[in-house]
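For reference, the structure discussed in these notes is given below.
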Amino acid sequence: MSSNLFSPPVIPTADGFYTGLAVPPPIRRLQLSEERMAPYVDATPCNACRKITVKALVSVEGYRLQAVARAIAAAGDGCKLCRMIVDGIRPRRGRIPDAEMIVMRVANASGTPYCQDEFVVESERLSNYNFTEEPYVEIDSFLGIYTDEGDAAGNLLPGRRLARYPDPDSSILLARAWIDASKEYTMEDFDELKALPKRLIDVGHSQSPTVYLKDFSGALKHGEHGIQLSSLPLTFQDAIKITRSVGLQYIWIDSLCILQDSKADWVEESVKMGTYYSSSWLTIAAGVESCQGLFGVRRFDTDLLQYLKVDFFRPGNSTLYFINLPVNWHVVGDEQKSILRKRAWAFQEELLSPRYLGFQENQIFYRYSEYIHFEDGSKEWLWSPQAPKRSQGEYPLDQRLLEQDWLDFIIQDYSSRHLTLDSDRLPALSGVAHEFQRIQGGHYLAGLWRRDLPRDLCWSKEFATGSCIKPIQYRAPSWSWAAIGGRVVQVSLNRCAIEADIIHVSVEPKGLDPMGEVIGGTLVICGVLRRDLVSKKRERPLYDKDRSITLYDFYLLSSNEDATSDITYKFVPDTSDFSTSTTALWLFFITPQVGLALLPVSSSHPQTSANSFERVGLIELDKKGSSEYSAANLQDEKFRTTINIV
């Protein structure tokens, strides 16, 4: 890929070199002792690496390190930075000509104005695809670049080495600096509460040993209940300390503000959680256990996060630290390693909250509007900074987010997250659904929208998400992704015409929340239904380690008169306990190439009726050429029928 796609805007300073600072200078924080900082390894740099200057790194041209052959030789002689660079280039390009020059420069692959949070390693090729005399520069790898607070390099680079033993005061000051920089909203914008919870914790003054649970509904006899701060889990104590530090009076903590021995209170309050988040001034999210506290000892995976220290000849005594990827790529972007990214209930917290302060396992981050600040100094944009800003105070969920596809964007992320109770599969998403409906309208049906049917019936269980057993307790109709566990993905319809027609669809909520739990649902749909016998079956091993779900390839011999030849299908069961003894499936086509795999509803099913089926998986035509017969007949009335899917 050409480097010009990654080039940041050119903003020269008075002395002519490029800084790239299109936003305010790096946020300052307290300088911590070395004992508190994350460990590092001396890079034992070669002479070429020691001559790197920060000015050169932040220039448009970058720093021309040395030829590939010299870098390979230096790596062999013990330069760990050259080794990191060479190892980063090889997987991407394989064998690299020895004469190519390695170029290092600060940039940001997203092309956003805030471009000094990582740097790229490029190589100048001796020729390019356009056969011009200009050298062709290509990005080969990304590295993280950091310094310590107080270092001269910190005037140009926002990247900071993380602390292993965080200081509470330093972390709170950093959070306050982020919040103060969020000037689009002020405290006055939140003076009028949109939705006051039934109960709140009054945090009192900064030195008070007691906080008070205040009940605004009258459920508590005396209206408030004093709680010794020291009796609360460390995480709650730290959250209260942050609340006091930003000058706020109340905090809502679900386990304290919802009556734990009252199912009715939980049902009533859980419906309102989305509103509470969207009306909050700040949401504090703990990606750690409640007993650890927000400022406990951090865990670092040294295989992923190992700082290489390089002391430079100039300017001054500057010190930089390099890692093989930017820190936040390992922390916030990795759903498998981030507790917050694995909790289903945390999904709507982050999505709906105007301000979101997250405490991860090894750094904190702050999301506001369209960007995210990280403790390591990097900054990410959730969408293009050139996009128009939302109307101030209009709604917490940005309109640009709502323009994303519900199944592909919202459900694919949410469905991969963990729930303690399987019955919360729909309730934990209720707040997001309510917000979507408030802004866009529409009829919500057990995790899907009526306007997106029948297209969004074409979801599939993702292979690599682990075991997925059919739940014992009913939680959604079989045509909804919420009926199963694990991550689901949207299947591409390849712009094929939709050949099925929705006649009627309905769900029956279990309680007062139409976006919450359901106890039933029926889809009445018209299209081509075929009963096919499995004549030959090949089970293929999967991509996941434990082979928790099987992907089937088989030939289907149709007994219908319209079949002119055998057709090969790929069948992905919705659950990993699908019975391999099944010898027949009913195929209902959504498009000529994609359809639902069905089985007749058993007589014991509570919603059994004539011509009723349950979904058991998704089918895709294996060969596009085989769809000619189907495409020609899917609209032929003599082959179409109306069925119920429950």
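- Ring centroids of F295 and F359 are separated by less than 6.0 Å, placing the two rings close together.
- With ring centers used as reference points, Y321 lies 6.0 Å or more from Y146.
- A salt bridge is absent between D180 and R176: the closest approach of a Lys/Arg side-chain nitrogen to an acidic carboxylate oxygen does not fall below 4.0 angstrom.
- Side-chain contact between V103 and L65 is absent, with no heavy atoms from C-beta onward closer than 4.5 Å.
- The closest donor-acceptor contact from the side chain of R367 to the backbone of I372 lies at 3.5 Å or more, if one exists at all.
- Here the options are D151, D148, D311, the test is side chain to side chain donor-acceptor pair (under 3.5 Å), and the partner is S318; only D151 passes.
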* Can you check salt bridge (charged side-chain N to carboxylate O under 4.0 Å, His left out) on E34 and R161, steps first, answer last? -> CA-CA 11 Å; E34 180 60 38; R161 182 166 55 125; 2.8 Å; yes

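- Taking the side chain as every heavy atom from C-beta outward, I410 and F347 approach each other to under 4.5 Å.
- Looking at R343 and H418, their side chains never come closer than 4.5 Å, going by heavy atoms from C-beta outward.
- Side-chain contact of D376 with S378: a donor-acceptor pair under 3.5 Å is present, judged by distance alone.
- By the 30° and 60° cut-offs, the orientation of the rings of F365 relative to Y356 is tilted.
- Nearest heavy atom pair, residue Q207 against residue R244, reads N-NH1, 4.5 Å.
- The neighbour count for R70 CZ, taken as heavy atoms of other residues, nucleotides or ligands under 6.0 Å away, does not exceed 12.
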* Apply salt bridge (charged side-chain N to carboxylate O under 4.0 Å, His left out) to the pair E375 and R160, showing each step before the final yes or no. => CA-CA 8 Å; E375 183 183 349; R160 297 293 186 269; over 6 Å; no

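- Using a 30° and 60° split on the angle between ring planes, W252 and Y277 fall in the perpendicular class, above 60°.
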